[in-house]
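Before any comments, here is the structure.
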Amino acid sequence: MQLEVASGKYEEDEQKQRLQKLIELSRFLFLEFGEPEKFERMEKLPSRRVIKTHLIPQKLPKSVFEQKAKILALLRNPKDTAVSYFHFSKGLKLISDQETWDEYFEAFITGKVVYGSYFDYIVEWNKYLDDSNIFFITYEEIKENPASSLKKIAKFFDLSVTEEKIESIVKETHFESMKNSAGTLGKMGQILFRKGIVGDWTSVFSESQNEKMDRKFEETVAKTKLGMKLKYEVYCKN
């Protein structure tokens, strides 16, 4: 949304309206969450609508693909995903406060967590890798070069954004900047913004868990194009 507003496609009043729509959208952050009335609000919102989801392709409304909606697919390496998801699940009480990391690791690697298997998720989205209406990018790529990543995303959505605006958005969306503003989100802010780093798994995974995850990745997604895009050897090996 920030890229779109910054693209210069709208006059000042229109930009304010777009930002107001962003606030409205925050009332139903994800397609799969919230009360049924959210869909009525979605229908009333002008294009472009920004809707988030963690769903696999086959669980998305068919109209998403039939109408060729543009999709930005963000992925993260499985080891950091598991650690982040563990803390997130505890924060939202999706799992017991007493559940240990070791217990959660076994649930994660066998797909017995909310949203199911990470590996199935990669396999399913891999089928859409060549779809021109879907742009895949990794968390690690954004962390390494946020400006370049923003430019790629802007190009995908046909948005013309100045270098100055790119720099401004990079600053506004820097992890520490967002974490400092997390108070406006209440407890959810504390849950969402924990560390925001790459490689946090190295302080959590045991040797046996490392080996088990390596085998699982190799057996399931390592040879897929999307699996290769995750650069497992770079981000998930000591």
Side-chain angles (χ1 to χ4, degrees), residues 52 54 72-92 94-95 99-123 125-126 129 135-153 166-167 169-182 185 188-238:
K52 303 175 187 177
H54 287 308
L72 175 64
L74 176 63
L75 309 168
R76 191 177 188 180
N77 80 73
K79 291 183 179 179
D80 277 337
T81 296
V83 174
S84 179
Y85 207 7
F86 171 64
H87 290 286
F88 181 76
S89 297
K90 282 227 170 183
L92 280 187
L94 298 177
I95 59 175
E99 184 165 337
T100 65
W101 158 250
D102 291 344
E103 292 170 332
Y104 186 81
F105 173 82
E106 291 302 322
F108 181 89
I109 205 163
T110 55
K112 297 177 181 178
V113 293
V114 178
Y115 287 109
S117 170
Y118 168 95
F119 306 98
D120 289 348
Y121 186 88
I122 299 299
V123 168
W125 276 110
N126 183 70
L129 192 62
F135 182 69
F136 293 89
I137 195 166
T138 65
Y139 181 83
E140 293 79 14
E141 183 178 351
I142 294 174
K143 288 289 291 185
E144 285 186 3
N145 198 328
S148 174
S149 298
L150 281 174
K151 290 175 184 177
K152 291 176 183 177
I153 294 170
I166 289 289
E167 291 178 12
I169 295 172
V170 167
K171 291 179 181 178
E172 291 175 16
T173 57
H174 187 276
F175 181 81
E176 291 303 325
S177 296
M178 293 193 294
K179 188 172 184 177
N180 291 336
S181 302
L185 299 174
M188 178 58 76
Q190 297 175 11
I191 297 171
L192 288 173
F193 301 104
R194 194 176 63 88
K195 288 188 177 181
I197 63 174
V198 176
D200 190 34
W201 65 268
T202 58
S203 63
V204 180
F205 271 62
S206 67
E207 184 176 347
S208 62
Q209 288 169 344
N210 247 334
E211 294 173 352
K212 195 167 187 177
M213 181 69 83
D214 291 348
R215 286 196 302 272
K216 183 72 173 181
F217 187 87
E218 183 63 32
E219 293 168 359
T220 56
V221 299
K223 293 180 175 60
T224 65
K225 290 182 179 180
L226 202 52
M228 294 176 189
K229 186 175 179 62
L230 291 169
K231 296 183 178 180
Y232 193 86
E233 292 293 324
V234 175
Y235 301 112
C236 293
K237 294 292 184 72
N238 288 319

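In this structure a side-chain-to-backbone donor-acceptor pair under 3.5 Å is missing from K79 to Y232. Between the side chain of S84 and the backbone N or O of D80 there is no donor-acceptor pair closer than 3.5 Å.
For an aromatic pair to be called close, the ring centres must be under 6.0 Å apart, and F105 with F205 satisfies this.
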(request) In sequence, state the C-alpha distance, the side-chain angles, and the governing distance for K152 and S148, and then conclude on side-chain contact (heavy atoms from CB on, under 4.5 Å). (result) CA-CA 6 Å; K152 291 176 183 177; S148 174; 3.7 Å; yes
(message) Quick one, R215 with E211, criterion side-chain contact (heavy atoms from CB on, under 4.5 Å). Give me CA distance, side-chain angles, the key distance, then yes/no.
(response) CA-CA 6 Å; R215 286 196 302 272; E211 294 173 352; 3.9 Å; yes
(request) Test D102 against Q209 for side-chain contact (heavy atoms from CB on, under 4.5 Å), laying out the working first. (result) CA-CA 9 Å; D102 291 344; Q209 288 169 344; 2.9 Å; yes
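Across L230 and F217, no two heavy atoms sit closer than the pair CD1-CE1, 3.9 Å. Among all heavy-atom pairs drawn from V170 and P146, the shortest one is CG1-CG, 4.0 Å. Closest approach of G227 to I122, counting heavy atoms only: N-CG2, 4.3 Å. Minimum interatomic distance between Y104 and S89 (heavy atoms only, all atoms of both residues): OH-OG, 3.7 Å. Listed here is the closest heavy atom pair of D214 and C236: OD1-O, 4.0 Å. Nearest heavy-atom pair, K195 versus D200, reported as atom, atom and distance to 0.1 Å: NZ-OD1, 3.0 Å.
Not a single side-chain hydrogen bond (donor to acceptor under 3.5 Å, both in side chains) links E99 to another residue, sequence neighbours left out. Every residue meeting the side-chain hydrogen bond (donor to acceptor under 3.5 Å, both in side chains) condition with E218, not counting sequence neighbours, appears here in chain and number order: K223. By the side-chain hydrogen bond (donor to acceptor under 3.5 Å, both in side chains) test, E219 is found to be paired with no residue, residues two or more places apart in sequence or in another chain being considered.
Rounding to the nearest 0.5 Å gives a distance of 8.5 Å between OH of Y118 and CE of M213. The distance from the CG atom of L75 to the CD1 atom of I137 is 10.0 Å, given to the nearest 0.5 Å. Atom CG of L74 sits about 11.5 Å away from atom CZ of F136, to the nearest 0.5 Å. Put simply, OG1 on T202 and CD1 on I197 are 7.0 Å apart, with the number rounded to the nearest 0.5 Å. Note that the CG atom of N77 and the CD atom of E233 stand 12.0 Å from one another [nearest 0.5 Å]. We find the NZ-OG1 distance between K229 and T224 to be 12.0 Å, quoted to the nearest 0.5 Å.
A salt bridge between E141 and K231 is absent, with no side-chain N of the basic residue lying under 4.0 Å from a carboxylate O of the acidic one.
For K225, the NZ atom sits in a loose shell: 12 or fewer heavy atoms of surrounding residues, nucleotides or ligands are nearer than 6.0 Å.
N126 places none of its side-chain heavy atoms less than 4.5 Å from the side chain of V221.
Relative orientation of the F108 and Y85 rings is perpendicular, given thresholds of 30° and 60° on the angle between their planes.
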